[in-house]
J.: 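Below: one structure in structure tokens.
Numbers here simply count residues along the sequence, with the first being 1.
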Amino acid sequence: MKRQKLFSELRTVYEATAENPRTFRLTIKLKDMVDEEILAEAVRKTMERYPYYRVRLAIYEDEVFFEENTTPTPVLHTDGPIMLGGYETQSHLLAFCWWKNKVHIDVWHALTDGGGIYHLVQTFLYYYCSAYYGREMSSEGIWLAGDPVDPAEWFDPACQGIEVATDFLVEKWAGKAFQIAEGGLVHVHNRCTVYNIRIPEDEFMRFNLSNEGSPGTIIALFLSRAIASLHPQTENPIAIAMCVNQRKALRAPVAHQSLVGDVRLVFQDAMKRMSFEAQATCFRGMVALQSDNEMVKQEVRDYQELMRTLATLPTHEDRHAYCKRLADEKSAMFTATVSYVGKVDMGDAEFYVQEFHALPSTALPSCETPLTLELSAVNGSFYVNFMQFFDGDEYLRAFIEQLRENNINYDVLYQEQTKYPGFVCPWR
């Protein structure tokens, strides 16, 4: 690839701000200290397999492109935040960092999402752990250097014509949701604190199955109940945005683009009087209806209409202002966000992984939605990254109380300031 014009990625390009650069950091905490030489070689081999991640952002007049970046993918010895797209990373939009026994993979969200990057995580861990521990690991299901790159990995499914059976659609929630900042309990700022909570996987999955729920749906219900316990009377309902992988509906399982939609879980007053099981049933129904293939395709058609609108605006600044306004309007529909894209199959390398975390700059681009819960799973545990853009632990304590009430074992491992990467915008 020499140059590729952006399409569906443009929304993320123009939503990005200094406060929310639309990036995310994956952190892999290993059982042993990192070996820099082995790490660098594992990164080199890994990136041979993923040419569409070895790119930089290029601006030619009023068009935006990804073009090939021939410099090596950065491997930086730091635990702190880095700047993607700038001098520090030689304009790369994906970089590796390491510190003690942690490896961070820093990514600009216009490049891909959690579902897309998981193939790269598998490849990297295969190369790194095979070399570090000197053992032959199974490569079944793992994409390796030298393997052919399927053209479907390159193709943006949002570019295609999409037919939607509109008679199967239901209306998504589009009203104003209760905003945490309006409750008077917190003062929202641009510093993000994360509390990391560990939950035993087997136990939590049994609880999910007993309530016919999924990990993401049940976590969203815990969060809704927690917020309701702090704000029993609200003018607007509590609404949780839960992220959804769109690849299945688009029949594009290996597409690398960022393909994330949402379902909107609205905790109405009538639900507050129901049993937990009945509340879980309500949320399950909302997820089933809104993650229906036709609903997802309609959401992508809305993206396509946005792309056509952006093409009519004369400058990058105009497009940025338009996307930022739409993003702020959308974030007012949600109280908080929950994201879980599924468990990563790390193969034989999983034995050497202690923890796995995903931290976005925020799941939504406005501090009107200052609370995000990112859920991940590895080595027999779920990890809930409780990310908040305000001080105090009232919401954390209310969430933990939900775990206690439902006899879910947990550990609060630590609290820290998030260190997701920044992004250098090329036209500012």
J.: Verify whether the ring centers belonging to Y303 and F7 lie closer than 6.0 Å.
T.: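 No, the ring of Y303 stays outside the 6.0 Å limit from the ring of F7, centre to centre.
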J.: For R44, look at atom CZ and say whether over 12 heavy atoms of other residues, nucleotides or ligands are found less than 6.0 Å away.
T.: yes
J.: Any luck finding a side-chain donor-acceptor pair between T217 and S214 under 3.5 Å?
T.: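 Checked: T217/S214 side chains pair up, N/O donor to acceptor below 3.5 Å.
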J.: State which residue, out of H357, K102, H104, fulfils the side chain to side chain donor-acceptor pair (under 3.5 Å) condition with T27.
T.: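 The passing option is H104.
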J.: Just by distance, do the side chain of T123 and the backbone of W143 share a donor-acceptor pair under 3.5 Å?
T.: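 Answer holds: yes.
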J.: Taking W98 for its side chain and T78 for its backbone only, find out whether a donor-acceptor pair lies under 3.5 Å.
T.: no
J.: Can you tell if the side chain of M346 reaches within under 4.5 Å of the side chain of F356, non-hydrogen atoms only?
T.: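 SC-SC contact between M346 and F356 confirmed.
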J.: Evaluate the criterion side chain to side chain donor-acceptor pair (under 3.5 Å) for residue pair Y133 and D32; output intermediate values, then yes/no.
T.: CA-CA 10 Å; Y133 296 102; D32 295 289; 2.6 Å; yes
J.: Who passes ring-ring contact (aromatic ring centres under 6.0 Å, His included) against F155, sequence neighbours left out?
T.: none
J.: Mind checking whether F283 and F267 have parallel, tilted or perpendicular rings, split at 30° and 60°?
T.: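 Geometry flag for F267 against F283: perpendicular rings.
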J.: Kindly confirm or rule out a cation-pi arrangement of R198 over Y410, judged by NZ or CZ under 6.0 Å from the six-membered ring centre and within 45° of its axis?
T.: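 That pair does not qualify as a cation-pi contact.
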J.: I'd like to know if the side chain of R319 pairs up with that of Y14 as donor and acceptor (distance under 3.5 Å, no hydrogens or angles considered).
T.: yes
J.: Roughly how far apart are N245 CG and S291 OG, rounded to 0.5 Å?
T.: 11.0 Å
J.: Mind checking whether I199 and Y383 have side chains closer than 4.5 Å, heavy atoms only?
T.: no
J.: Closer than 3.5 angstrom, by distance alone: can the side chain of N406 be matched with the main-chain N or O of I408 as a donor-acceptor pair?
T.: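 Not confirmed, N406 side chain does not pair with I408 backbone.
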J.: Can you check whether A152's main-chain N or O pairs, donor with acceptor, with D150's side chain at less than 3.5 Å?
T.: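 Yes, the answer is positive, given that a donor and an acceptor are paired below the 3.5 Å cut-off.
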J.: Quick check against the 3.5 Å criterion: does D411 have a side-chain atom that pairs as donor or acceptor with the backbone of L413?
T.: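 Here the side-chain-to-backbone pair does not exist.
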J.: Under the side chain to side chain donor-acceptor pair (under 3.5 Å) definition, can you give me all pairs with a residue in residues 155-164, not counting sequence neighbours?
T.: S8-D156
J.: How about F66 and Y53: are their ring centroids closer than 6.0 Å?
T.: no
J.: Between E68 and T70 (side chain of the first, backbone of the second, donor and acceptor by atom type, cut-off under 3.5 Å), is there such a pair?
T.: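 No, E68 side chain to T70 backbone: no donor-acceptor pair under 3.5 Å.
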J.: Say whether T315 and D318, considering side chains only, have a donor N or O and an acceptor N or O under 3.5 Å apart.
T.: yes
J.: Indicate whether the side chain of T112 and that of H256 have a donor and an acceptor atom separated by less than 3.5 Å.
T.: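 No, no side-chain donor-acceptor pair sits under 3.5 Å.
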J.: Enter the distance from N293:CG to Q246:CD here, rounded to the nearest 0.5 Å.
T.: 11.0 Å
J.: Output, in order, the C-alpha distance, side-chain angles, deciding distance and verdict of side chain to side chain contact (heavy atoms under 4.5 Å, CB included) for D262 and V244.
T.: CA-CA 5 Å; D262 66 74; V244 172; 5.8 Å; no
J.: Does K5 make a cation-pi contact with Y60 (under 6.0 Å, within 45 degrees of the axis)?
T.: no
J.: How long is the gap from CZ on R54 to CZ on R49, to the nearest 0.5 Å?
T.: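 Going from CZ on R54 over to CZ on R49, the span is 10.5 Å.
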J.: Roughly how far apart are E171 CD and R264 CZ, rounded to 0.5 Å?
T.: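 The distance works out to 10.5 Å.
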J.: Distance from K100 atom NZ to L30 atom CG, nearest 0.5 Å?
T.: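 Going from the NZ atom of K100 to the CG atom of L30 covers 14.5 Å.
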J.: Output yes when a side-chain donor or acceptor of T89 lies under 3.5 Å from a complementary backbone atom of I82, and no otherwise.
T.: no
J.: Indicate whether any N or O donor in one side chain lies under 3.5 Å from an N or O acceptor in the other, for Y52 and E153.
T.: yes
J.: So which of R22, H320, H109, K324 actually passes side chain to side chain donor-acceptor pair (under 3.5 Å) with E15?
T.: R22
J.: Quick one: list whatever passes side chain to side chain donor-acceptor pair (under 3.5 Å) with E201, sequence neighbours left out.
T.: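 K343.
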J.: Does the side chain of Q90 pick up a donor-acceptor pair with the side chain of R56 at under 3.5 Å?
T.: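 The criterion, which ignores hydrogens and geometry beyond distance, is not satisfied for R56 and Q90.
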J.: Are K45 and E48 ion-paired here, with the side-chain N under 4.0 Å from a carboxylate O?
T.: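 Salt bridge absent between K45 and E48.
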J.: Quick one about N409 and E203 (side-chain donor to acceptor, distance below 3.5 Å, no hydrogens or angles considered), yes or no?
T.: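 The answer is yes; a qualifying pair exists.
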J.: Do the two ring centres, one from F124 and one from F96, sit under 6.0 Å apart?
T.: yes
J.: Could you verify whether a donor N or O on one side chain and an acceptor N or O on the other, from Q417 and T193, lie under 3.5 Å apart?
T.: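 Note: Q417 and T193 side chains meet the donor-acceptor criterion.
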J.: CG of L93 to CG of N69: how many Å apart, nearest 0.5 Å?
T.: 8.0 Å
